[in-house]
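Worksheet: one structure, shown below.
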Amino acid sequence: MAAPKDLRFTKTHEWLRRDGDVVTIGISDHAQNELGDITYVELPEPGDAVSRNEPFGVVESVKAASDVFAPVDGEVVERNESVVEAPDLVNRSPYEQAWLLKIRLNDPDQVDLLMDAPAYDVYAETAKH
Amino acid sequence: MAVEPLIHELSKPGRRAVRIPAPDVPETPLPQELLRDGLDWPEASEIDVIRHYTRLSQKNHAIDINTYPLGSCTMKYNPKINEAVARYPGFAGIHPLQDPATVQGALELMVELQEMLAEISGFAAVTLQPAAGAHGELTGVLIMRAYHRSRGDTGRTKILVPDSAHGTNPATAVMAGFEVVTIPSDARGNVDLEQIRVHAGPDTAGLMITNPNTLGLWDEHIAEVVRVVHEAGGLVYNDGANFNAILGIARPGDLGIDVMHYNLHKTFSTPHGGGGPGSGPVGVRADLAEFLPGPIVRRVDGDEPRYEWFQPARSVGRLHTFHGNFGMHVRAYCYIRMHGAAGLRLVSEDAVLNANYLLASLRDRFDVAYDRTCMHEFVLSGNRQKRNGVRTLDIAKRLLDFGLHPPTTYFPLIVPEAIMIEPTETESKESLDYLIAALRQIADEAEQTPEVVTGAPHRTEYKRLDEVAANRTLNLRWTRPVEPAPEAAAAD
């Protein structure tokens, strides 16, 4: 599936959707496809700080446990409890229902450092080979 | 599908295997506070128990049944003489609290094993305490930490770990209080020497490297890598998981490595993979010997040599109760003695030859991540097959239909759809050819009839298991089903 045009992406396959000062983040369709069936998601609590390029949580599949990295610095304002309850949401709806966190941005300029959707599609395609 | 019941489900109240005769010595009751009621242990006859466990063993795969090419795990044949010797009453019937004067033979075996391991690897001293590879890693990194501290060098907080490493390497470094710096691999599968140069510095406690690495490749810059880390004041730890590839050919100590663990259950043919227990001795260069965990057994020369325990001067402390997994020491000792120096070299030569024969016979049908002459194992990628919807997981499942244990899959993490194959030296050409034929047939099927592969296994007693459900709803403990109340039963 082509990456939605309104999202930005990291090299570690997280996506970000900006809405004013708050961004929503998750993992890409490519990432969930590579990981296989997701069995477990571990997320920080609202109020916790996250730092750009640092792990904020863990996504576990039948194949591997992987850190997920924050695309920006900020503070967690909300976490998606339904994805913790039903981790397979990540496989079924990576860009919509399976968002992981909402984060209040510290520095909006950090969003511009991320790849746009066409650039990410090329990047993810290359990563396969 | 015949599901073997649990032993609890076979239980019948009052059924038993043996009746223990009445004691002919006075009974000593256990203290009341240690007694519990309601343990709900299974009750079964001897033949029920034997049949149950024999049936379970028939559902299992083992190296004694067929090829087991599980990369990085080195599932080589475990010679039966090891087992016979380990059962000698002088080894099996002794207790670690016995007076050392009464177990001199066992202590002599431990001293000789320490000396043989040191000689094979080029180190000065060895501890046999650690119970497995990762335990050996922790021992080694604690020694590195103690070394830096003993010199007042407290600013060394980081350990460099290549991105191809076993996960236990970074985990060990963190357990020992260090921060991990991940070093990428270069285009030929070596650790990136330039990145080592960038990251090695006054805060570097050391490097944990696996050589040959988890791609089955010899690091082409190992001498320079070691030199750079040493010049920065760090130590170099070698993860000895792949030591079985270089016995009698290269010695890590001669390469400048400071600390290394041995996996007796890989290189020296002691059992593992659920059978175990493991054993992960650690070797060090001369000036690190005083930090080894104690006590260590040593020889006291004289007309009649004696063997005794001593505590290294600045020991990091005890890492295992008593003296490690002694039964494994006996088996490894037996293996080394049975082979001798020339035989051990042949072990490694055959392991490397077998792996390269497999690689040469498969590289036209599978992508090869880093296509070089390999050591004792190599890593294929299932990328080509994935384009037809056949994943590495499916290839692994399909191999079960051939009576083969699948290779390691999805490791190392830097290779997409990784298939990691290690035949070991103990497979014959015929069994290698059978594995090649199976993988080539699966490659054909992936192109022509992918549903045969994605639907595998077809011939096993249990078909594709629901791994997602197994992961999400772990069920590891039997609980007695609630008996239906008499009224409910009557209502039926």
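The chains referred to below are lettered A, B, ... by the order of the sequence lines, with proteins before strands, and numbering in each begins at 1.
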### Message
Can you confirm whether more than 12 heavy atoms, excluding those of A:Asp21, are under 6.0 Å from its CG atom?
### Response
no

### Query
Should we say atom CZ of B:Arg363 is surrounded by more than 12 heavy atoms from elsewhere, each under 6.0 Å from it?
yes

### Task
Not counting sequence neighbours, list each pair that qualifies as a ring pair (Phe, Tyr, Trp, His ring centres under 6.0 Å) and has a residue in residues 155-189 of chain B.
B:His166-B:Phe411

### Query
Around atom CG of A:Asp112, are there more than 12 heavy atoms of other residues, nucleotides or ligands at under 6.0 Å?
yes

### Message
Within this structure, what is the CG-CZ distance for the pair A:Asn33 and B:Arg391, rounded to the nearest 0.5 Å?
### Response
9.0 Å

### Heavy-atom neighbours of A:Lys11 NZ exceed 12 at 6.0 Å
no

### Close approach to chain B in residues 52-67 of chain A, criterion heavy atom under 4.5 Å
A:Val62, A:Lys63

### Query
Heavy atoms under 4.5 Å from chain B: which residues of residues 76-88 of chain A carry them?
A:Pro87, A:Asp88

### Task
Name all pairs fulfilling the side-chain hydrogen bond (donor to acceptor under 3.5 Å, both in side chains) condition that reach into residues 168-194 of chain B, sequence neighbours left out, sorted by first residue then second.
B:Glu137-B:Thr168, B:Glu137-B:Asn169, B:Glu137-B:Thr172, B:Asp163-B:Ser185, B:Asn169-B:Asp239, B:Asp186-B:Asn190, B:Arg188-B:Glu220, B:Asn190-B:Glu220, B:Asn190-B:Arg372, B:Glu194-B:Arg197

